[in-house]
Structure formats: structure tokens, C-alpha cells
Amino acid sequence: MNRKKKVIQTLKKKDKKQKAKLNKSNKPRYISKAEREKLAAEEVQTESTENQEQAQTSE
């Protein structure tokens with residue numbers, strides 16, 4: 001009985017993993033703290049260049 005139970009358990013476990021791979025998660029991709037800081041710095045830099053361009057065109 002134990003052997004039969006163990007075989008069924010392992011097959012269920014494999015099936016569960018396969019189903020989990022098929023279903024796409026809605027969870028957003030993890031972005032590290034350093035990566036977030038880098039993206040924020042790039043955003044600030046692009047905003048400052050846009051502001052400078054607008055100031056030059058208005059003069």
C-alpha cells in the first residue's frame with residue numbers, strides 16, 4: 001500500500017508542476033533596488049534635457 005501511495009503522490013506532484021508551468025502568473029517581474037534607482041536616474045536625466053530644450057525653444 002505504501003509503495004502504491006508513494007507512486008501516486010509523485011505522479012500528482014509532477015502533474016501539479018506541469019500545470020503550474022502552463023499557467024502564466026500575473027505577478028510583475030521583480031526589479032532590484034539598484035535597477036529601480038538606475039531607472040529613476042535615467043528618468044530624471046531625460047526630464048531635465050526635455051526641460052532645457054523647451055526653455056531654449058521658448059527664448
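Along the sequence shown, residues carry numbers from 1.
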Extract all donor-acceptor atom pairs below 3.5 Å that involve side chains of residues 37-46 and protein atoms in other chains or at least two apart in sequence.
from: Thr46; atom 1: OG1; to: Glu42; atom 2: O; distance (Å): 3.3
from: Thr46; atom 1: OG1; to: Glu43; atom 2: O; distance (Å): 2.8

Exercise. Can you name the residues that form a salt bridge (Lys or Arg N to Asp or Glu O under 4.0 Å) with Lys19, not counting sequence neighbours?
Worked result: Asp15

Exercise. Which distance, rounded to the nearest 0.5 Å, do you find between the NZ of Lys16 and the NZ of Lys13?
Worked result: 9.5 Å

Exercise. Are Lys33 and Arg36 close enough that some pair of their side-chain heavy atoms sits under 4.5 Å apart?
Worked result: yes

Seminar exercise, completed: Partner of Ile8 under side chain to side chain contact (heavy atoms under 4.5 Å, CB included), picked from Lys5, Lys6, Lys4, is Lys4

